[in-house]
There are 2 protein chains.
Amino acid sequence: MNNLFKALNDSTRREILEILKDKDLTAGEIADQFNISKPSISHHLDLLRQAGLVVSVKDGQYIYYSLNTTVMDEMLKWIISLQSHKNKS
Amino acid sequence: MNNLFKALNDSTRREILEILKDKDLTAGEIADQFNISKPSISHHLDLLRQAGLVVSVKDGQYIYYSLNTTVMDEMLKWIISLQSHKNKS
DNA sequence: AAAGTATTTAGATATTTGTCTAAATATATA
DNA sequence: TATATATTTAGACAAATATCTAAATACTTT
């Protein structure tokens, strides 16, 4: 879960996930939505990929990124397990 | 949500939350469970408190920490909203 | 009041992180 | 094949972070 929490601990990366919610996009299309250089966005995409939160597929000179939410299942379970905690004594 | 993801992006802090799941504990009792200095644990507790994930109550010379999971509601909603994304076209 | 215990604050340091520009790689097109 | 486009890799740098030791604060006990 380390990589996952690390990937989510950045507002730019969280925004990337949000825009991928609607539609798969190329790296360039993603970068166009931020005031950050393309190499920086590329680096963010790499961290998201390492966490498994996005999947990349090459199509010609483009690379399409898409959201993968299944990796969050374990994290969700962890959070929910915390929520069922003891009551005040 | 920034403070929340930041607080969760550290395995020591996540472990602290796990041990507080069972029982409220003093700062010292928490520190005893880690091979990390007390000041460092104190700092971790401060970050958890800033995120609202723990609440501290002073009792004499002790400070009791307890888990507060309600602050994760917004985060959970955000994660779940990501999960209902478009299907592959 | 003095000494002991619990915890935090202050300040230092090494590591990690987010960002940039410049260069490299890969594909497409004229 | 030469040029343009899309993306990443490399290397640098400033800011943030996790940790430490030493000192300060606050409470308790003798």
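Every chain is numbered from 1 and lettered A, B, ... according to where its sequence line falls, protein lines coming before strand lines. Predicted model, so just to flag it, every value in this text is computed and none were measured. No hydrogens, no waters, no symmetry mates; every other heavy atom, side chains included, goes into these values.
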Inset, instruction - Would you kindly compare A:K58 and A:N9 by the position of their nearest DNA chain C nucleotide and give the one closer to the 5′ end? - result: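 Between the two, 5'-proximity favours A:N9.
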Legend entry - Contact nearer the 5' end of DNA chain C, comparing A:L47 with B:I63: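 The residue closer to the strand's 5' end, by nearest nucleotide, is B:I63.
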Inset, instruction - Mark yes when over 12 heavy atoms from residues, nucleotides or ligands other than A:E74 sit less than 6.0 Å from its CD; otherwise mark no. - result: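 It does not: A:E74 CD has 12 such atoms or fewer within range.
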Check the distance between [N]'s [atom2] and [X]'s [atom1] and give it to me in whole angstrom.
X     : N      : atom1 : atom2 : answer
A:H44 : C:dC20 : NE2   : C1'   : 12 Å
B:R49 : C:dT7  : CZ    : C1'   : 13 Å
A:K6  : C:dT17 : NZ    : C1'   : 9 Å
B:D59 : C:dT7  : CG    : P     : 11 Å
B:E29 : C:dT5  : CD    : C1'   : 14 Å

Please work out if [X] contacts a base, only the sugar-phosphate, or nothing of the nucleic acid, heavy-atom cut-off 4.0 Å.
X     : value
A:I30 : nothing
A:H43 : base
B:D46 : nothing
A:F34 : nothing
A:Y64 : nothing
B:L45 : nothing

Inset, instruction - Look at A:S40 and C:dC20 and indicate whether a side-chain polar atom (N or O) is within less than 4.0 Å of OP1 or OP2. - result: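 For C:dC20, OP1/OP2 do have a side-chain N/O of A:S40 under 4.0 Å.
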Legend entry - Cluster check B:V71, A:I80: I/L/V/M/F/W/Y, side chain < 4.5 angstrom: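 No; tracing contacts between hydrophobic side chains, which count when under 4.5 Å, never links both residues.
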Legend entry - Distance-minimising heavy-atom pair for B:L82 and A:L17: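 In this case the closest contact between B:L82 and A:L17 is CD2-O, 3.8 Å.
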Inset, instruction - Check every nucleotide of DNA chain D for an atom under 4.0 Å from a heavy-atom of chain B, then give the first and the last such nucleotide from 5' to 3'. - result: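 The contacted stretch runs from D:dT17 to D:dT28.
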Inset, instruction - Check step by step if salt bridge (Lys or Arg N to Asp or Glu O under 4.0 Å) holds for B:K6 and A:D10. - result: CA-CA 8 Å; B:K6 179 160 88 172; A:D10 180 274; over 6 Å; no
Legend entry - Among A:I63, A:V54, A:I19, the one residue meeting side-chain contact (heavy atoms from CB on, under 4.5 Å) with A:I30: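 The side-chain contact (heavy atoms from CB on, under 4.5 Å) with A:I30 is passed solely by A:I19 among A:I63, A:V54, A:I19.
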Inset, instruction - Evaluate the side-chain proximity of B:L47 to B:R13: yes if any heavy-atom separation is below 4.5 Å, no if none is. - result: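 Of all side-chain heavy-atom pairs linking B:L47 with B:R13, at least one is under 4.5 Å.
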Inset, instruction - Could you check if a side-chain atom of A:Y64 sits within less than 4.5 angstrom of a side-chain atom of A:V55, using non-hydrogen atoms only? - result: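 Counting from C-beta outward, A:Y64 and A:V55 never come under 4.5 Å.
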